[in-house]
There are 2 protein chains.
Amino acid sequence: MRIGELAARTGVSVRSLRYYEEQGLLVSTRSGGGQRHFTHDDIERVDFIQRLYVAGLSSRTILELMPCRYAPSDENSDAALDRMAQERDRLSAHIKELLHTRDSLDDLITAARADRDDRRTAA
Amino acid sequence: MRIGELAARTGVSVRSLRYYEEQGLLVSTRSGGGQRHFTHDDIERVDFIQRLYVAGLSSRTILELMPCRYAPSDENSDAALDRMAQERDRLSAHIKELLHTRDSLDDLITAARADRDDRRTAA
DNA sequence: CTTGCAGCTCACATTGATGTCAGGTTTTAG
DNA sequence: CTAAAACCTGACATCAATGTGAGCTGCAAG
């Protein structure tokens, strides 16, 4: 499929897909006049990339993890595996922080509601 | 305390503290020749700001939440409260996504390890 | 008083992912 | 064949938080 279709199917902009390719996250074959062609598998791949972006990984880091998923027999896979475990831990720590922050927000909301209700009752 | 001390106590750079003030997240009194003075409470306040930054809120959004925490009797507090609940939900959704991503990474790690071990056993 | 660290303002640089525009080519539909 | 729609490259713009440097001033210790 051409880039526009991949964009439509993944919800990622054409611009971003070209950028992913430029960063080595995505590979395309060029057809005739130079237009990119992608396979059906690339849809899942783009989804995966997106997920890692959401998790706060940079394109550089995502690139390092790619062999682990798409070329698991590579000799670099040990390093990629370590990298992945490391990112998993980072993500876990981040999640923990966010849970903590959410608790803070909950406390704040509860306090603010109580405060507001106090004021309303007093008024 | 002066800005350098606040920076040291919070682990936030002097540059960033000035930026926070510029964005209205922080208020200082100016002493004599124009130097900023902060109170002890500002330490906790900066920590709070940092936490929200980590949670992915922008300075603009954080600013909107401030009345809720530091001026709860303000008439804007209803709006701030809504905003805060909204951000809480956004954060919750984000956490859910991250948990999902972490699961993906776990699966990947598990698969990659099995794959590697297979290769080692085969060799 | 002097010296030096800390602070001030202003302004420009950086980073990363993405938007956007321009000018040209390919592909597809009619 | 032709027009429109999709694609190409390349370059510049954007946003937000922060870094950095210049040039100047405040403040505290010797």
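Order of the sequence lines fixes the chain letters, A, B, ..., with proteins taken first and strands second; residue numbering starts at 1 for each chain.
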Query raised in the report: Could you state the interatomic distance from OG (A:Ser59) to CE (A:Met66), rounded to the nearest 0.5 Å?
Result: 10.5 Å
Query raised in the report: Tell me, do A:Val12 and A:Ile49 make a side-chain contact under 4.5 Å, heavy atoms counted?
Result: no
Query raised in the report: Can you tell me how far the CG atom of B:Leu91 sits from the CG atom of A:Leu99, to the nearest 0.5 Å?
Result: 8.0 Å
Query raised in the report: If you round to the nearest 0.5 Å, how far is OG1 of B:Thr101 from CD of A:Gln50?
Result: 10.5 Å
Report task. Under 4.0 Å from any atom of DNA chain D, heavy atoms only: list the residues of residues 3-10 of chain A that qualify, in numerical order. Result -> A:Ile3, A:Gly4
Query raised in the report: Which pairs count as ring-ring contact (aromatic ring centres under 6.0 Å, His included) when at least one residue sits in residues 2-52 of chain B, sequence neighbours excluded?
Result: B:Tyr20-B:Tyr53
**Report entry** For the student: nearest non-hydrogen atoms of A:Val27 and A:Asp42, plus distance
**Finding:** O-OD2, 4.0 Å
Query raised in the report: Rounded to the nearest Å, what distance is computed from the OH atom of residue B:Tyr19 to the C1' atom of nucleotide C:dA11?
Result: 16 Å
Query raised in the report: How long is the gap from CG on B:Asp115 to CG on A:Leu81, to the nearest 0.5 Å?
Result: 9.5 Å
Report task. Rounded to the nearest angstrom, tell me the gap between atom CD in A:Glu21 and atom P in C:dA17. Result -> 16 Å
Query - Qualifying residues under side-chain contact (heavy atoms from CB on, under 4.5 Å), relative to A:Ser104, sequence neighbours excluded - result: A:His100, B:Arg51
**Report entry** A:Ser16 side chain near C:dA17 phosphate (N/O to OP1/OP2, under 4.0 Å)
**Finding:** no
Report summary line: Contacts of A:Ser28 meeting side-chain hydrogen bond (donor to acceptor under 3.5 Å, both in side chains) (sequence neighbours excluded), chain-then-number -> A:Glu21
Pick out the pairs of N or O atoms, protein on one side and nucleotides 1-5 of chain D on the other, that lie under 3.5 Å.
none

Query raised in the report: Do B:Arg102 and A:Ile95 have side-chain heavy atoms sitting under 4.5 Å apart?
Result: yes
Report task. Could you check if a side-chain atom of A:Arg116 sits within less than 4.5 angstrom of a side-chain atom of B:Asp78, using non-hydrogen atoms only? Result -> yes
Query raised in the report: Hey, can you pull the residues of residues 37-61 of chain B with a non-hydrogen atom under 4.0 angstrom from DNA chain D?
Result: B:Tyr53, B:Ser58, B:Ser59
**Report entry** From CG (A:Leu52) to OG1 (A:Thr61), nearest 0.5 Å
**Finding:** 9.5 Å
Query raised in the report: Of all of residues 89-102 of chain B, which get a heavy atom below 4.0 angstrom from DNA chain C, listed by number?
Result: none
Query - Those residues that, when tested against A:Arg90, pass salt bridge (Lys or Arg N to Asp or Glu O under 4.0 Å) (two or more places apart) - result: A:Glu87
Report task. Mark up nucleotides 10-15 of chain D, 5' to 3', with B wherever a protein heavy atom is under 4.0 angstrom from a base atom, S wherever such an atom reaches only the sugar-phosphate, and - elsewhere. Result -> -B----
Query raised in the report: Whole-Å distance between C:dG16 C1' and A:Leu63 CG?
Result: 15 Å
Report task. Compare all side-chain heavy atoms of B:Gln35 with those of B:Ile3 and state whether any distance is below 4.5 angstrom. Result -> no
Identify all side-chain donor-acceptor contacts of residues 106-113 of chain A below 3.5 Å with residues at least two apart in sequence or on another chain.
unit_1: A:Asp106; atom_1: OD1; unit_2: B:Arg88; atom_2: NH1; d: 2.7
unit_1: A:Asp106; atom_1: OD2; unit_2: B:Arg88; atom_2: NH1; d: 2.7
unit_1: A:Thr110; atom_1: OG1; unit_2: A:Asp106; atom_2: O; d: 2.8

Query raised in the report: With a 4.5 Å heavy-atom cut-off, do B:Leu25 and B:Arg45 have their side chains touching?
Result: no
Report, one pair per line, the protein and nucleotides 27-30 of chain D atoms (nitrogen or oxygen only) whose separation is under 3.5 Å.
none

Query - Under the side-chain hydrogen bond (donor to acceptor under 3.5 Å, both in side chains) test, residues paired with B:Glu44 that sit two or more places apart - result: B:Arg69, B:Tyr70
Report task. In whole angstrom, give the distance that lies between atom CD1 of A:Ile62 and atom P of C:dG16. Result -> 13 Å
Query raised in the report: For the pair made of CG in B:Leu17 and C1' in C:dG7, what is the distance, rounded to whole Å?
Result: 13 Å
Query raised in the report: B:Arg36 side chain N/O closer than 4.0 Å to the phosphate oxygens (OP1, OP2) of C:dT9?
Result: yes
Report task. Decide yes or no for B:Leu17 and B:Arg36: does some side-chain heavy atom of the first lie under 4.5 Å from some side-chain heavy atom of the second? Result -> no
